[in-house]
Structures are given as C-alpha cells and as structure tokens.
Colleague: 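Pasting a structure below so you can have a look.
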Amino acid sequence: MTKTPFHLVEFSPWPILGSLAITCLPIGLVLFIRVSSPILMIYGLILTALIAYLWWRDITRESTYQGYHTSYVVNGLKVGVALFIVSEICFFFAFFWAYFHSSLSPAIEIGASWPPIGISTLEAFQVPLLNTAVLLLSGVTVTWAHHSIEEGNYKSSIQGLFLTVLLGFYFLFLQYGEYTETAFSITDSVYGSSFFMATGFHGLHVAVGASFLLTCFIRLYNYHFSSSHHVGFLAAAWYWHFVDVVWLFLYVSIYWWGS
C-alpha cells in the first residue's frame, strides 16, 4: 500500500446520522414551544450525545492507537478548525448586526428608544459581570493546561483542564439562573428576540465547548496526549478562546451599552 501524506478516512455512518439527530433539535424545540411536546427534542439530545460519543471514540482510536494523524494530517486539522471558527464568527456577526441595526435607530413601534419602552433590562454589574469573570478565568486555566501539556507536566495539565471544565458548567448554571430572573421573554419586542438569540446561542456554544473539553480531560487522564501530539486539545482550546471573546463582545454591547 502506498503511503500518502493525508488521512483517507474509513466509511463512517456518524456524519449523516449526526446531521439527522441535530435536525431533530430545532424541530423539537419548535414543537415544544408551540404544542408543549418535548419528546422529539429530548430524543434529538440523546441521539446527538450518543453519536458524538461514538464519533469521538472512532477519532480517538484513529489518532491514538492507529497512528493516522501524521504531521500532515495535524496541519490539515488545524486549518479545518480555524476555518470552522471563522464560520462561527460569521454566525455571531449576524446577531450583532441585527442587534445594532435595531438599537442604533430604534423604530417608532418600540417607542423610538433603546431599550424599548417597557423592557426592564438586567443589571450589567451583577450576574453578567460574574459570568464575564468566570469565562475570563476559564481562559486562563485552559492556557495553563495547554502550557502544562507542552511541558509534559501531567499533574498540572489535569488540574488546569479540570478547572476549565468546572468553570464552563458553572457559567451555564449562572446563565440558567439569569434566564429565570429576566423580566422579559423572547417575544418581548426586538430586544427580547435579539437578547435571547445571541446569548442563548452563546450558551449553546459554551455547552458544546465544555463537552469538548470534558472529552479532552478524559483523554488526558488516559494519557492520550503528549507534548508533541495533542491536536484534539488544541482544537478545543481554540474553540474555547473564541467563546470567551464572543462573550466579551456580548457583555459590552448587550449587557452594558444596551442597558
């Protein structure tokens, strides 16, 4: 067999099955909102989690035990992750565009003011500020874990990554508490729609990133990463830093300036 500088992946059912499972999530959410039926959404969550586990299992086997992730493959994966993050930047850019389009020139229908008349906004220097500190601290701990992996310090990398995962889920806990205390909903004018769409999708990205880092923690605990081969963790760390930066823009524009 001729060796090639790239990885020809085996036939896998997970991309198409994962797409179908993820499709169940928005459809299930609409059904839950309109007819109070959460069954499809719950099934979608369970299937997405199961397929993600099986897909990560295959990638772990290919990279750790079969040695398919050569230096050429690693470079290709890095470019792929970078392009994916660029697409995510475009995704959030749309939310910021919608928000500033409505806030810089408020329509007469919402009282020609921002926030719209009747909207009681959240205090920027309470839970949102705490969430900002939590995410910034998680950025420090994931960098600590990254440098520890590169230096071959196993114990320190475990500690840093564990704290990062903990802070990520703590952020989600705080955001859930914040949502339960808001005096407005997603149907309360363009402010409610843009607020919950932007912060809600960011929360979803935090959940995905925390799950990604949790998987990396399990792999790190099982000695799957070395100082010269840890592209899986590197992808998770890049994604996490992207989530941090997006939150800073959300906090400054929506919570602080927008209130």
Side-chain angles (χ1 to χ4, degrees), residues 19 21-38 40-42 44-45 48 84-124 126-132 134-135 168-169 171-212 239-259:
S19 299
I22 293 173
T23 303
C24 293
L25 295 178
I27 298 175
L29 180 61
V30 171
L31 291 176
F32 177 64
I33 294 174
R34 298 300 298 270
V35 297
S36 301
S37 176
L40 184 61
M41 185 175 65
I42 294 173
L45 286 170
T48 301
F84 170 70
I85 291 176
V86 169
S87 72
E88 292 287 272
I89 292 173
C90 296
F91 177 77
F92 277 100
F93 182 80
F95 291 127
F96 284 108
W97 184 287
Y99 181 80
F100 284 109
H101 174 80
S102 300
S103 61
L104 293 177
S105 182
I108 190 65
E109 289 82 4
I110 59 175
S113 65
W114 195 264
I117 293 176
I119 295 292
S120 179
T121 60
L122 295 167
E123 290 291 336
Q126 293 183 1
V127 175
L129 182 60
L130 176 59
N131 263 341
T132 303
V134 168
L135 270 191
F169 285 111
F171 174 91
L172 293 174
F173 172 76
L174 290 175
Q175 190 172 43
Y176 172 77
E178 177 186 81
Y179 279 3
T180 60
E181 296 177 357
T182 54
F184 56 91
S185 69
I186 194 172
T187 59
D188 285 326
S189 77
V190 67
Y191 183 89
S193 300
S194 57
F195 174 87
F196 282 105
M197 288 294 289
T199 60
F201 269 109
H202 177 268
L204 178 63
H205 282 69
V206 172
V208 171
S211 301
F212 199 174
Y239 186 82
W240 195 251
H241 287 308
F242 157 74
V243 169
D244 286 351
V245 173
V246 169
W247 175 257
L248 290 178
F249 282 99
L250 285 174
Y251 176 76
V252 171
S253 60
I254 295 181
Y255 288 98
W256 180 60
W257 177 82
S259 63

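Treat the numbers as computed from the prediction; the structure is a model and nothing was measured.
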Colleague: What pair of heavy atoms forms the shortest contact from Gly203 to Leu172, and how long is it?
Modeller: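 The answer is O-CD2, 3.4 Å.
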
Colleague: In the structure I gave you, are the side-chain heavy atoms of Tyr251 and Leu129 within less than 4.5 Å of one another anywhere?
Modeller: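 Yes, close enough: below the 4.5 Å cut-off.
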
Colleague: Do you know which of Trp247, Trp240, Phe242 makes side-chain contact (heavy atoms from CB on, under 4.5 Å) with Asp244?
Modeller: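 Result for side-chain contact (heavy atoms from CB on, under 4.5 Å) with Asp244: Trp240.
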
Colleague: If you look only at distance, which donor and acceptor atoms sit under 3.5 Å apart when one is on a side chain in residues 89-97 and the other is two or more places apart or in another chain?
Modeller:
none

Colleague: Indicate the atoms forming the closest heavy-atom contact of Ile117 with Gly111, along with that distance.
Modeller: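 So the two residues come closest at CD1-CA, 3.8 Å.
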
Colleague: Do Asp188 and Ile119 have side chains that get closer than 4.5 Å, going by heavy atoms?
Modeller: yes

Colleague: Taking only residues two or more places apart in sequence or in another chain, which ones pass side chain to side chain contact (heavy atoms under 4.5 Å, CB included) with Ile27?
Modeller: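 Partners of Ile27 under the side chain to side chain contact (heavy atoms under 4.5 Å, CB included) test: Thr23, Leu31, Leu40.
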
Colleague: Please output the side-chain donor-acceptor pairs of residues 100-108 that fall under 3.5 Å, not counting sequence neighbours, one pair per line with the distance.
Modeller:
residue	atom	partner	partner atom	Å
Ser102	OG	Ala98	O	3.2
Ser103	OG	Tyr99	O	2.9

Colleague: In chain order, what residues pass the side chain to side chain contact (heavy atoms under 4.5 Å, CB included) check against Leu248, with sequence neighbours excluded?
Modeller: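 Only Thr132, Leu136 meet the side chain to side chain contact (heavy atoms under 4.5 Å, CB included) criterion with Leu248.
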
Colleague: Between atom CG of Leu130 and atom CG of Leu174, what is the distance when rounded to the nearest 0.5 Å?
Modeller: 5.0 Å

Colleague: Under 3.5 Å, which donor-acceptor pairs link side chains of residues 193-202 to any protein atom two or more places apart or in another chain?
Modeller:
residue	atom	partner	partner atom	Å
Ser193	OG	Ile186	O	3.0
Ser193	OG	Ser189	O	3.3
Ser194	OG	Val190	O	2.8
Ser194	OG	Tyr191	O	3.1
Thr199	OG1	Tyr179	OH	2.7
Thr199	OG1	Phe195	O	2.6
His202	NE2	Val243	O	3.0

Colleague: Minimum heavy-atom separation for Phe184 to Thr121, with atom names?
Modeller: CE2-CA, 4.3 Å

Colleague: To the nearest 0.5 Å, how far apart are SG in Cys24 and CD1 in Ile42?
Modeller: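 Between atom SG of Cys24 and atom CD1 of Ile42 there are 12.5 Å.
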
Colleague: Just wondering, more than 12 heavy atoms not from Trp257 lying within 6.0 Å of its CH2?
Modeller: yes

Colleague: Taking all atoms of both residues into account, what is the closest heavy-atom pair of Pro26 and Ile22, and its distance?
Modeller: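 Smallest heavy-atom distance, with atoms named: CD-O, 2.9 Å.
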
Colleague: Looking at residues at least two apart in the chain, or sitting in another chain, which of them share a side chain to side chain donor-acceptor pair (under 3.5 Å) with Glu178?
Modeller: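 With neighbours one apart ignored, the set is Tyr255.
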
Colleague: To the closest 0.5 Å, what do you measure between CG (Leu204) and CD (Gln175)?
Modeller: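 Output value for this atom pair is 10.0 Å.
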
Colleague: What I'd like to find out is whether the side chain of Val127 reaches to under 4.5 Å of the side chain of Asn131, using heavy atoms alone.
Modeller: yes

Colleague: State, to 0.1 Å, how close Pro38 and Phe32 come at their nearest heavy-atom pair, and which atoms those are.
Modeller: CB-CD1, 3.6 Å

